[in-house]
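Heads up, the thing below is written out as structure tokens.
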Amino acid sequence: MPIPNHDVAAIFSKVADLLEIKGENPFRVRAYREAARTVSGLSQSVADLLKEGRDLTELPGIGKDLAGKIEEIVTTGRLTLLEDLTQQIPGELTELMKVAGLGAKRVARMYQELNIRSLDDLRQAAEQGRLAELEGFGDKTQTKILEEVKRLRRDQTHRTLLAIAAQYAQPLMDHLGKAKGVKDLIIAGSYRRRRETVHDLDILATCKRGSTVMDHFVKYDEVKEVVSHGKTRSTVLLRSGFQVDLRVVPQVSYGAALVYFTGSKPHNIAIRKRAVRKKLKINEYGVFRGNGRIAGRTEEEVYDTLGLPWIPPDLRENRGEVEAAEQGTLPTLVELGDIQGDLHVHTNYTDGRHTIEQMARAAQKRGYKYLAIADHSQRITVAHGLMPKALREQIEQIDRLNDRLKGFVVLKAIEVDILADGRLDLPDEVLKELDLRVCSIHSKFNLSRTEQTERVLRAMDNPYFNILAHPTGRLIGERDAYDLDMERIMEHAAANGCYLELNAHPERLDLDDNHCRMAKNKGLKVVVSTDAHRMDDLAYMVYGVGQARRGWLEADDVLNSRNLKDLRTLLRR
DNA sequence: GCCGTTTTCGGCCCGACTGTTTTCAGTCG
Ligand SMILES: Nc1nc2c(ncn2[C@H]2C[C@H](O)[C@@H](COP(=O)(O)OP(=O)(O)OP(=O)(O)O)O2)c(=O)[nH]1
Ligand SMILES: [Mg+2]
Ligand SMILES: [Mg+2]
Ligand SMILES: [Zn+2]
């Protein structure tokens, strides 16, 4: 198996940390960090890109040197530079940088002066009071570090699913809304960019007297600890350990502050660089020419001073959106309101909670025009997968229901299991009675890349194959994607009139944003489906659309933004 | 280490909060 991108990225991150601890040029450090980010954001593995003979220096932030290093990692599985570095200083020092409040400088000094290499060394030094004796360190710093070391062991430091963060956000926003003098109040950061996971909530408020909001903020019931509490910025930890940052600025700075706090950091740097070229300065208070503020009240104003149209937050990752804005080629992103129906839901025929009719009515209430019932097929016994007989019953029931529904159609579908050899789990004469077939893998995740890919390609060769559901099988933070040649799969799908799903379940979001963009570039439409197992789950659509938007998809790129007639045409193979 | 509507060398985004400091370094957003 070729080395996955996240392993390449991890090597570059480690190199960046070690170079920083060594006190190397910070911009060289940044170059490695950026390279790590670029590589992990690719939809194809660098190993494949190299095999295709692609020139990696075309990637942003990758020059001759880094391209060579990627090649070294791919071909040898190792990086000499990293090995040299770990000869000079212990590799485990990078673990210490995970302690909040410890950066490269402090880690370096603790190692040089106290020979601290591990979290255990650090805890002991702090407990024995040796840390406070270092110049520039004091009692408070020592206590704080000790607490953070303990926290690191106790709390998980994982990123939080967007949907979970939304649950934290709602009551907190209600609380903040009640503060005296609050004008604007909005969640920015990765949450606003609709990333699949977030590290924290970044909330922006405008207010005449900022300190009132700040004081109100830190008094929130759920706050376990106030990490910092300033005039314009505060950070707290909620009981769960989840972090929330609040930034308060005057109203004239709302737009500039929103741009700043929405990020991403690389996007901010990119537009600030542009500003510098124009002899302007951008910060969170506005756009300045000399000492004069020339913009800041709205985001549009800020982008306008740079000669750019407003850029949707979902795109602000410095993945080409600034250049697209400049050339006037930004996509008109798909919106929730474009979605005409859901093509993958379950019912109580298998492991769903509600009846066909309940699901249909709930879908209609969301403004949809159609809904595809796609229960599991027979092999999935744990989910009471449907045998042909049960499926025929369901088909009849749907026919009867459709007679009663007005302006809405329930489509007959199945989530048919793709067997290990690429056959589908139901005979063709059963499949052909359905309006569409959603096909997916639920077993044998460990096949080799070639075998797994062939399995899916063979399945697509069945003329009844329509949609590949949750194509990579990943579960965010739980299970990696199975090894697949997504390039071949997408090309095969496009060539054979098949589609790939973007499963909108917050734990799946599969295809992810990068794969969506890859699909779009291959002219392959994506189907955004919730895989709902109960009526409420239909609301997951918003997360799917968020991911689609991050993947630069327009309504046209999303199959279920079509009306029923066009949908049926497009499903025909 | 990367990169170029000033540049192939010399820049690289800009500011808040904290602690320990007598003027700012370090970390973080
Ligand atoms: N200009 C500038 N802005 C930054 C920098 N670091 C962070 N920001 C801005 C952009 C970020 O999106 C925003 C919030 O910072 P966070 O650390 O919370 O990052 P973000 O929310 O993007 O991702 P996260 O999911 O929290 O890891 O603050 C920086 O170094 N420079
Ligand atoms: Mg954040
Ligand atoms: Mg933050
Ligand atoms: Zn399903």
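Protein chains get the first letters and strands the later ones, always in sequence-line order, with residue 1 at the start of each. Because the structure is predicted, anything quoted here is derived from the model rather than measured.
The cationic atom of A/Arg297 (NZ for Lys, CZ for Arg) does not lie both less than 6.0 Å from the six-membered ring centre of A/Tyr254 and within 45° of the ring axis.
A salt bridge links A/Glu83 with A/Arg78; the closest basic N to acidic carboxylate O contact falls under 4.0 Å. No salt bridge links A/Asp512 with A/Arg517; every basic N to acidic carboxylate O contact stays at or beyond 4.0 Å. Ionic pairing of A/Arg123 and A/Asp120 is present here: one or more N-O contacts between side-chain nitrogen and carboxylate oxygen are shorter than 4.0 angstrom.
Here the P atom of nucleotide B/dC17 and the NZ atom of A/Lys231 are 7 Å apart, to the nearest Å. Atom P of nucleotide B/dG19 and atom CD of A/Glu147 are separated by 11 Å, given to the nearest angstrom. In this structure, the CZ atom of A/Arg33 is 16 Å from the P atom of B/dC2, given to the nearest Å. Counting to the nearest Å, the C1' atom of B/dG19 and the CG atom of A/Leu131 are 14 Å from each other.
Side-chain contact check for A/Arg195 and A/Ser190: no donor-acceptor pair (N or O, by modelled atom type) lies under 3.5 Å. If you check the side chains of A/Asp17 and A/Thr94, you find no donor sitting under 3.5 Å from an acceptor. Using modelled atom types, one finds a donor on one side chain and an acceptor on the other under 3.5 Å when comparing A/Asp245 with A/Thr235.
Checked against ring-ring contact (aromatic ring centres under 6.0 Å, His included), A/Phe261 has no partners two or more places apart in sequence or in another chain. Taking A/Tyr191 as the reference, nothing meets the ring-ring contact (aromatic ring centres under 6.0 Å, His included) condition, with sequence neighbours excluded. Take A/Tyr543 and apply the ring-ring contact (aromatic ring centres under 6.0 Å, His included) test, not counting sequence neighbours, and it matches no residue.
OP1 or OP2 of B/dC13 has not a single side-chain nitrogen or oxygen of A/Asn268 nearer than 4.0 Å. Contact annotation: A/Arg30 reaches the phosphate of B/dC13 (side-chain N/O to OP1 or OP2, under 4.0 Å).
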Contact list (N/O, under 3.5 angstrom) for nucleotides 3-11 of chain B vs protein:
from  : atom 1 : to      : atom 2 : distance (Å)
B/dC3 : OP1    : A/Gly61 : N      : 2.9

Are any protein N/O atoms closer than 3.5 Å to N/O atoms in nucleotides 24-29 of chain B? If there are, list each pair with its distance.
from   : atom 1 : to       : atom 2 : distance (Å)
B/dT27 : OP1    : A/Gly103 : N      : 2.7
B/dT27 : OP1    : A/Gly103 : O      : 3.1
B/dT27 : OP1    : A/Arg106 : N      : 3.0
B/dT27 : OP2    : A/Lys105 : N      : 3.3
B/dT27 : O5'    : A/Gly103 : N      : 3.4
B/dC28 : OP1    : A/Gly101 : N      : 2.8
B/dG29 : OP1    : A/Gln243 : NE2    : 3.1
B/dG29 : O3'    : A/Asp202 : OD1    : 3.3
B/dG29 : O3'    : A/Asp245 : OD2    : 3.0
B/dG29 : N3     : A/Tyr260 : OH     : 3.1

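When each of A/Lys140 and A/Tyr285 is assigned the nucleotide of DNA chain B bearing its nearest heavy atom, the one mapping closer to the 5' terminus is A/Tyr285. Of the residues near DNA chain B, A/Ser234 and A/Phe137, the one whose nearest nucleotide (by heavy atom distance) lies more toward the 5' end is A/Ser234.
Taking every heavy atom of residues 73-86 of chain A and every atom of DNA chain B, no pair lies under 4.0 Å. A heavy atom closer than 4.0 Å to some atom of DNA chain B occurs in no member of residues 215-227 of chain A. Contacts between residues 312-324 of chain A and DNA chain B, defined by a heavy-atom separation under 4.0 Å, are absent.
Listed by first and then second residue, the ring pair (Phe, Tyr, Trp, His ring centres under 6.0 Å) pairs that reach into residues 94-123 of chain A come to none, sequence neighbours excluded. Sorted by first and then second residue, the ring pair (Phe, Tyr, Trp, His ring centres under 6.0 Å) pairs involving residues 21-69 of chain A (not counting sequence neighbours) are A/Phe12-A/Tyr32.
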Extract all donor-acceptor atom pairs below 3.5 Å that involve side chains of residues 160-183 of chain A and protein atoms in other chains or at least two apart in sequence.
from     : atom 1 : to       : atom 2 : distance (Å)
A/Tyr168 : OH     : A/Ser240 : OG     : 3.1
A/His175 : NE2    : A/His216 : O      : 2.9
A/His175 : NE2    : A/His216 : NE2    : 3.4

Under 3.5 Å, side-chain donor or acceptor atoms of residues 56-75 of chain A against the rest of the protein: list the pairs with distances, not counting sequence neighbours.
from    : atom 1 : to      : atom 2 : distance (Å)
A/Thr57 : OG1    : A/Asp55 : OD1    : 2.8
A/Thr57 : OG1    : A/Asp55 : OD2    : 2.9
A/Asp65 : OD1    : A/Lys69 : NZ     : 3.1
A/Asp65 : OD2    : A/Lys69 : NZ     : 2.7
A/Glu72 : OE2    : A/Thr80 : N      : 2.7
A/Glu72 : OE2    : A/Thr80 : OG1    : 2.4
A/Thr75 : OG1    : A/Glu71 : O      : 2.7
A/Thr75 : OG1    : A/Glu72 : O      : 3.3

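Comparing atom distances between the A/Leu66 side chain and each of B/dG15, B/dC2, B/dC17 picks out B/dC2 as nearest. Here the side chain of A/Tyr32 is nearest to one of B/dG19, B/dC13, B/dG1, namely B/dG1.
Within 4.0 Å (heavy atoms only), A/Ile269 reaches at least one base atom of the nucleic acid.
For the pair A/Glu321 (side chain) and A/Asn318 (backbone), a donor-acceptor distance under 3.5 Å is present.
Heavy-atom contacts from other residues, nucleotides or ligands closer than 6.0 Å to NZ of A/Lys14 number more than 12.
Base pairing of B/dT18 is made with B/dA25, judged by Watson-Crick or G-U wobble geometry with both donor-acceptor distances under 3.5 Å.
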